[in-house]
K.L.:
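The structure is given below, and queries will be raised subsequently.
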Amino acid sequence: MVFRSFMDVALREAEAAGARGEVPVGAVVVNAAGEVVAQAGNRTRELNDPTAHAEVLAIRAACAALGSERLIGHDLYVTLEPCAMCAAAIAASRVARLYYGAGDPKSGGVAQGARVFAHAQCHHAPEVYDGIDAAASEAMLKAFFAGKRGG
């Protein structure tokens, strides 16, 4: 099977989130057949919900669509390194592979910070692939925050 990245879908979700005034992060869940099961962008401000990160929303939607709390054999693409909360949700949902774009030195929970998957208490760690379309993710985030700072 030839690898096909779905980061373009996640980037579109991130762009839509930014247009709504949310931090531009997008996520997409893909099944083993290479079909998009769910996709989402950040909605924390819109929903007044600090847990409404793109990854959590996409995982919730995929689980609802499947009628299961587990996403065994599924991949998650996200434009930014997941925070500790999202990494815990990824582990709990048993996502098989995590692909993310930009690293997050401030709030990352995978390769930086909490490193959730490295803990003995983490019952499932997905395969992790970073740097997927990182430049596009980083540029979108930098532009968003530059706009917030006025330049």
Side-chain angles (χ1 to χ4, degrees), residues 1-32 34-63 71 73-119 121-122 124-151:
M1 176 184 261
V2 174
F3 173 75
R4 185 237 192 264
S5 174
F6 287 83
M7 193 59 79
D8 59 322
V9 179
L11 285 164
R12 284 194 300 273
E13 286 292 335
E15 188 174 14
R20 292 190 302 270
E22 303 278 355
V23 175
V25 177
V28 59
V29 176
V30 178
N31 67 18
E35 301 163 332
V36 172
V37 177
Q39 59 195 63
N42 276 354
R43 291 185 179 276
T44 60
R45 293 174 185 267
E46 176 186 342
L47 300 175
N48 298 310
D49 180 355
T51 69
H53 290 198
E55 303 95 315
V56 171
L57 295 174
I59 287 169
R60 286 177 183 163
C63 288
L71 297 174
H74 288 70
D75 297 339
L76 176 66
Y77 290 81
V78 62
T79 57
L80 182 65
E81 176 183 354
C83 68
M85 174 188 71
C86 291
I90 291 164
S93 66
R94 306 300 197 265
V95 165
R97 283 164 297 280
L98 167 65
Y99 300 91
Y100 69 86
D104 188 354
K106 180 181 173 198
S107 300
V110 176
Q112 307 178 65
R115 295 187 171 118
V116 171
F117 304 138
H119 289 268
Q121 294 84 1
C122 182
H124 170 78
E127 295 175 29
V128 177
Y129 302 92
D130 63 355
I132 310 296
D133 287 335
S137 297
E138 290 168 5
M140 194 179 305
L141 287 159
K142 285 180 181 174
F144 177 82
F145 286 112
K148 292 289 184 193
R149 289 189 295 270

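Sequential numbering from 1 along the given sequence is applied to the chain's residues.
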K.L.:
So, H124 side chain and S93 main chain: donor-acceptor pair closer than 3.5 Å or not?
P.N.:
no
K.L.:
Quick check: closest heavy atoms across F6 and Y77, and the distance to 0.1 Å?
P.N.:
N-CE2, 3.4 Å
K.L.:
Checking the side chain of R97 only, and the main-chain atoms of V95 only, is there a donor and an acceptor separated by less than 3.5 Å?
P.N.:
no
K.L.:
Please check: side-chain N/O of Q39 versus main-chain N/O of V9, any donor-acceptor pairing under 3.5 Å?
P.N.:
no
K.L.:
How close do A88 and V116 get, counting heavy atoms only, and between which atoms?
P.N.:
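Closest approach of A88 to V116, heavy atoms only: N-CG1, 4.1 Å.
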K.L.:
Of all the heavy-atom pairs spanning A125 and F117, show the shortest one and how long it is.
P.N.:
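The answer is CB-CB, 3.8 Å.
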K.L.:
Please check: side-chain N/O of H74 versus main-chain N/O of I59, any donor-acceptor pairing under 3.5 Å?
P.N.:
no
K.L.:
If every non-hydrogen atom of A17 is compared with every non-hydrogen atom of V25, which pair is closest and at what distance?
P.N.:
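So the minimum-distance heavy-atom pair works out to CB-O, 4.1 Å.
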K.L.:
Could you grab the distance from atom CG of L57 to atom OG1 of T51, nearest 0.5 Å is fine?
P.N.:
7.5 Å
K.L.:
Quick one: does L76's side chain get under 4.5 Å of V29's, heavy atoms only?
P.N.:
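Of all side-chain heavy-atom pairs linking V29 with L76, at least one is under 4.5 Å.
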K.L.:
Tell me, yes or no, whether the heavy-atom count around E15 atom CD, taken from other residues, nucleotides or ligands under 6.0 Å, exceeds 12.
P.N.:
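No, because the 6.0 Å sphere around CD of E15 holds 12 heavy atoms or fewer from other groups.
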K.L.:
Do N42 and P24 have side chains that get closer than 4.5 Å, going by heavy atoms?
P.N.:
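Heavy-atom side-chain distance check fails, nothing below 4.5 Å.
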K.L.:
Please confirm whether the backbone N or O of G26 pairs with a side-chain atom of T79, one donor and one acceptor, at under 3.5 Å?
P.N.:
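Between the backbone of G26 and the side chain of T79 there is a qualifying donor-acceptor contact (under 3.5 Å).
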K.L.:
Just how far is it from atom CZ of R43 to atom CG of N48, taken to the nearest 0.5 Å?
P.N.:
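It is 13.0 Å, given to the nearest 0.5 Å.
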K.L.:
Output a table of donor-acceptor pairs, distance under 3.5 Å, between side-chain atoms of residues 98-107 and any protein atom two or more places apart or on a different chain; print 'none' if there are none.
P.N.:
from : atom 1 : to   : atom 2 : distance (Å)
D104 : OD1    : K106 : N      : 3.2
D104 : OD1    : S107 : N      : 3.1

K.L.:
Could you tell me which non-hydrogen atom of L11 sits nearest to which non-hydrogen atom of M140, and how far apart they are?
P.N.:
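Taking L11 first and M140 second, the nearest heavy atoms are O-CE, 3.7 Å.
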K.L.:
Within the side chain of E81, is there an N or O that forms a donor-acceptor pair under 3.5 Å with the backbone of A111?
P.N.:
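Checking the backbone N and O of A111 against the side chain of E81, a donor-acceptor pair under 3.5 Å is found.
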K.L.:
When you measure from the side chain of E22 to the backbone of E46, do you find a donor-acceptor pair of N or O atoms at a distance under 3.5 Å?
P.N.:
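Pair found, side chain donor or acceptor close to backbone of E46.
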K.L.:
Which heavy atom of E55 sits nearest to which heavy atom of L80, and what is that distance?
P.N.:
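That would be OE2-O, 4.1 Å.
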K.L.:
Working note: R20 + R45, criterion side-chain contact (heavy atoms from CB on, under 4.5 Å); need CA distance, chi angles, decisive distance, verdict.
P.N.:
CA-CA 9 Å; R20 292 190 302 270; R45 293 174 185 267; over 6 Å; no
